[in-house]
Amino acid sequence: MKYNQFGYVKTPFKEQIKELESINFLPSDWQDQTTADLFALFVGNILAEAKTYEAKQVKLAEFAATDQEDLSTYLKANPQTISQKVFYNVALQLLGYHVGYDYDLNDPTNLMQKNSLSFFKDAEFNKDTLIQATYRLLNTRSKNGQTLIDVMAGKGYFKQFYGNDKFMYFNGKSLPTFDMSKVIREVVYVESDLDTDEDGKPDLLQVTIFRPYQSNNFKFPALYTADPYFGGIIDNAAKNHSVDVNLEDASVAEEIKYEAMPKVTAAKPSSEDLAPSEEAVHKAAYTLNEYLLARGFANVYAGGIGTRGSDGLRITGAPEETESAKEIIEWLHGDRIAYTDRSRQHETKASWCNGNIGMTGRSYLGTLQIAVATTGVAGLKTVVSEAAISSWYDYYREHGLVVAPGECQGEDLDMLAETCQSNLWDAGDYLKIKPKYDTMQKKLLAKADRKTGQYSDFWEARNYRHHTDRIKCSWISVHGLNDWNVKPKNVYKLWQKISKLPIEHKLFLHQGPHYNMNNLISIDFTDLMNLWFCHELLGIKNNAYHQWDTVLWQDNIYPDIWHGEPNWNNEMGHEEIYYPEADGSLLKEGGNDDAKLSFTDQGGKTFKEAKISEGQWEYEFITGKEKWTDQQLRFVTDPYIHPITIVGRPKIKLRVSASLAKGQISVALVELGQRKRLTPTPKFFRDQIQELGYRFGTQYLQEFIPDKITAGKLITKAHMNIQNYADMKKAKSIKPDEFYDLKFYLQPTFYNVPAGSQLGLIIYSTDQGMTKRPLEEETYTIDLSQSELRYRQM
């Protein structure tokens, strides 16, 4: 497994000397010492768990220098030079590798090459070379995925700097020099301009803060996570809406308007600034934030309206949600009032904050970053938005259909609002809020229109992409190419706008579903975020903008390969056109086959009888298990002689007729062939633990790995209401057995199809994991002469 390292900043030798001296790693009289003594000192410093000179010296004998000598013996016999082999034999042991199991003492650089670890090629190291090699070693990723200097931090090396009223940096990144045993944990209440519970008073928004105690002495930047789950969640999955219902005539859909909630005016801040009177008892919700807290980035969490400790109602995706999340930044920046407690008697200020705020978080937490950024709020300098929704229609609907997020069949806006309405957990709030909450739930359900799935002004108000022109901060998006919860269309369509703005922007695309990537083996994401936030929130000149490619995407065959690209769009590569044929082939040359093929959809009938999971259904369906073949049309290419890469959004054109005056069409593009494919979720390596700080938090390393042999893999798919054939935003009546031309895009991708595999196009109707599952059968007919698949190939 390659340990790719994009975050290492090339540093001149003189600057290396300064940095090593600044952390008390290199003594000022280093030129007067022998090379052997210097190496012994370096190894002793790295062994931060040994607290005395004697303890460090005796530990030298625990390291093998060669297959004949331990390090202590070797150094006594070689005072002036260190061989390359000896240095890297010891280096690998310091990085956590095991002699005889991970590498051979006679060839340490073989493992370093295999794992993509940087090394010097000089046969013998003098003092200058030793210092340069050690500086690089400290910035090399160890077996647990962290740089060696972070491993030292977890052992307590930087305790010696606790109490210093300053940031310390190494290789452009902030060091964990802040004592996590003395973190200030406090709660404040920001006053909103909203009155979503309509009690005539501004909603109060609870904010939880974790900050180093030195923030009482000088100012720190803030990492803010708008987290509707932070106050707890109400598990309502059993109450999800039934999808075992017939399709409705979507042409009768009514125009549904967005209705704004009442606005009020919060009090203006005065000069009063008292300490908060409530202690935070919550634990931070995101390990990346905790990692950066030890490095001087205060953590701020707020659930927003309707969450525990806050007033108001959840109104999933509405502008009111955006407003409540934005108002926390206004307080952090000094532009809004907050109180020491809910009595609203005394004000408190974020006087510890330097006014520079970054946002972090995944899923709903990443979604609110997009929402807030589109307001252009002052103080927001950057976002790292992971697996985020950019349009709520694209989360709960698709091309005129009700389409569920993956693994959430039957969920909708109202159910998510209930999940996050955690102020109902407090009995006093329950008495006050419950009647208004019930009314709001009915309104959300009605306006979301589960009957027809059509676009409306209600959904328009929940499309953040229309306001990207207001974005002023720098941008990082992170998304899984196999995320069927927040489907890749959300990040792709947002990226088309972000990439054209005059802001710095980056995009990471990993092979996961709805997952974080901050602890993947194959990439140093945490280091990159340290580098990025130091640049954006602390003003450190560290080459962050140019350190890695604009787009990095993880290979779907070899997970330790990350491809760098300048962009991600439908202009990359060249266009390929494939035509479905009556014999089941998918050909580049064709399109003249005038055959008409039919299949009969049975809704959820066969699925229920099979009593299998939605995931098992998908695998059986795409790989052509006989039970499902009469409910689909399959078209397959010959095996590829050379590998290809599919990029962007494939486009399908179909001429379709349905036996009823309504219908839904689904299309899947799949890779077929017996081979080992990556695990759908990353494997946890529980023997490789990362320390977030000294005696603070930990997390396990994880990665996608080639697993068992499978027969196929979904590349991408899409769904469409036939009644939207002429207009994606408005349905029309259709007649049974009459043909209509459909043109629509599939979800975007980057996907390598290896030599020997085949590309398959599957046309079907009911997607058991996402669409409605009708109770009635319906026959669909495809006119092959007017049907084709187009995609971009690199």
Side-chain angles (χ1 to χ4, degrees), residues 6 358-374 376 380 382-395 398 462-517 523 525 528-529 532 536 544-546 548-554 556 562-573 645-651 715-716 718 745-751 791-792 794:
F6 298 101
M359 292 188 75
T360 62
R362 175 179 64 88
S363 193
Y364 209 157
L365 291 60
T367 300
L368 288 169
Q369 293 181 55
I370 299 174
V372 171
T374 58
L380 181 59
T382 193
V383 301
V384 180
S385 176
E386 301 185 61
I389 299 164
S390 62
S391 165
W392 285 90
Y393 187 85
D394 290 340
Y395 186 62
E398 185 180 8
R462 289 164 167 77
N463 188 339
Y464 309 124
R465 297 193 295 259
H466 294 321
H467 309 297
T468 53
D469 59 321
R470 303 174 190 167
I471 294 174
K472 300 175 183 177
C473 62
S474 62
W475 200 275
I476 293 179
S477 278
V478 180
H479 215 96
L481 288 166
N482 292 290
D483 190 343
W484 295 105
N485 183 288
V486 178
K487 302 171 190 70
K489 177 181 178 180
N490 279 278
V491 70
Y492 180 86
K493 294 194 77 173
L494 178 70
W495 180 253
Q496 305 316 307
K497 292 178 175 288
I498 292 291
S499 61
K500 295 178 175 64
L501 294 177
I503 59 172
E504 294 296 329
H505 50 275
K506 301 285 186 180
L507 173 62
F508 293 89
L509 297 168
H510 59 80
Q511 281 301 319
H514 203 54
Y515 249 67
N516 293 330
M517 62 172 284
I523 190 169
F525 184 74
L528 291 175
M529 295 306 97
W532 186 264
E536 297 300 85
Y545 288 165
H546 308 291
W548 69 96
D549 289 295
T550 302
V551 178
L552 282 178
W553 68 278
Q554 186 179 25
N556 57 284
W562 285 79
H563 302 277
E565 304 288 352
N567 214 327
W568 186 35
N569 55 40
N570 258 32
E571 298 172 6
M572 300 173 71
T645 300
I646 298 173
V647 60
R649 298 191 69 185
K651 186 176 183 180
I715 299 174
T716 183
Y745 287 98
L746 282 68
Q747 294 289 331
T749 191
F750 265 116
Y751 194 91
Y791 69 82
R792 306 294 295 189
M794 294 170 59

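No experiment lies behind these values; they were computed from the predicted model shown.
- Heavy atoms only, all atoms of each residue included: Cys473 and Ala373 are closest at SG-CB, 4.0 Å.
- Two rings, from Trp532 and Tyr545, have their centers less than 6.0 Å apart.
- Judged purely by atom type and a 3.5 angstrom limit, Lys497 has no side-chain atom pairing as donor or acceptor with the backbone of Lys493.
- In this structure the side chain of Leu481 never reaches within 4.5 angstrom of the side chain of Tyr751, judged on heavy atoms.
- With hydrogens and angles ignored, the 3.5 Å screen pairs a side-chain donor or acceptor of Asn570 with a backbone N or O of Arg649.
- For Ser390 (side chain) and Val491 (main-chain N/O), no donor-acceptor pair under 3.5 Å exists by modelled atom type.
- Looking at Met572 and Arg792, their side chains never come closer than 4.5 Å, going by heavy atoms from C-beta outward.
- Considering CD1 of Ile370 and CD1 of Ile498, their distance stands at 8.0 Å, rounded to 0.5 Å.
- By the ring pair (Phe, Tyr, Trp, His ring centres under 6.0 Å) test, Trp562 is found to be paired with no residue, residues two or more places apart in sequence or in another chain being considered.
- Every residue two or more places apart in sequence or in another chain was checked for a ring pair (Phe, Tyr, Trp, His ring centres under 6.0 Å) with Tyr515, and none qualifies.
- Rounded to the nearest 0.5 Å, atoms NE2 (His563) and CG (Leu509) are 11.5 Å apart.
- No side-chain donor-acceptor contact under 3.5 Å links Glu386 to the backbone of Asn516.
- For His505, there are no side-chain hydrogen bond (donor to acceptor under 3.5 Å, both in side chains) partners, not counting sequence neighbours.
- In plain terms, the two heavy atoms of Met359 and Leu380 that are nearest each other are CG-CD1, 3.6 Å.
- Here the CD1 atom belonging to Ile715 is positioned 10.0 Å from the CG atom belonging to Leu746, to the nearest 0.5 angstrom.
- Using a 4.5 Å cut-off on side-chain heavy atoms (C-beta onward), Phe508 and Leu528 make contact.
- Checked by atom type and distance alone, the side chain of Asp549 never pairs as donor or acceptor with a backbone atom of Glu565 at under 3.5 Å.
- The closest donor-acceptor contact from the side chain of His479 to the backbone of Val486 lies under 3.5 Å.
- Looking only at distances, no side-chain donor or acceptor of Glu504 sits under 3.5 Å from a matching main-chain atom of Ser474.
- Ser385 and Gln369 get closest at one heavy-atom pair: N-OE1, 3.4 Å.
- Shown here for Ser477 and Leu494, the closest heavy-atom pair between the two residues is OG-CD2, 4.3 Å.
- Between the NE2 atom in His510 and the CG atom in Asn482 there is a gap of 9.5 Å [rounded to 0.5 Å].
- Partner of Asp394 under the side chain to side chain donor-acceptor pair (under 3.5 Å) criterion, out of Arg465, Arg462, Lys487: Arg465 alone.
- Under a 3.5 Å cut-off, the side chain of Gln747 and the backbone N or O of Ala718 do not form any donor-acceptor pair.
- Residues Phe525 and Val384 form a side-chain contact, since some pair of their non-hydrogen atoms from C-beta on lies under 4.5 Å apart.
- Pro650 and Thr716 get closest at one heavy-atom pair: CG-CG2, 4.1 Å.
- Take Ala387 and apply the side chain to side chain contact (heavy atoms under 4.5 Å, CB included) test, not counting sequence neighbours, and it matches Arg362, Asp483, His514.
- Remark: Tyr492 pairs with Trp568 by the ring pair (Phe, Tyr, Trp, His ring centres under 6.0 Å) rule, at least two apart or across chains.
- Tyr393 has its side chain out of reach of Asn463: every pair of non-hydrogen atoms, C-beta onward, lies at least 4.5 Å apart.
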**Request:** Evaluate side-chain contact (heavy atoms from CB on, under 4.5 Å) for Val383 paired with Ile471, printing each intermediate quantity in order.
**Result:** CA-CA 11 Å; Val383 301; Ile471 294 174; over 6 Å; no
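- Within a 6.0 Å radius of OH in Tyr745, other residues, nucleotides and ligands contribute 12 heavy atoms or fewer.
- Under the rule for a side-chain hydrogen bond (donor to acceptor under 3.5 Å, both in side chains), the partners of Tyr464 that lie at least two apart in sequence or sit in another chain are Trp392.
- Distance CH2/Trp475 to CG/Leu501: 9.0 Å, rounded to 0.5 Å.
- In this structure, OG1 on Thr360 lies 7.5 Å from CG on Leu365, to the nearest 0.5 angstrom.
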**Item:** Worked check of side-chain hydrogen bond (donor to acceptor under 3.5 Å, both in side chains) between Asn567 and Trp495
**Value:** CA-CA 9 Å; Asn567 214 327; Trp495 180 253; 2.8 Å; yes
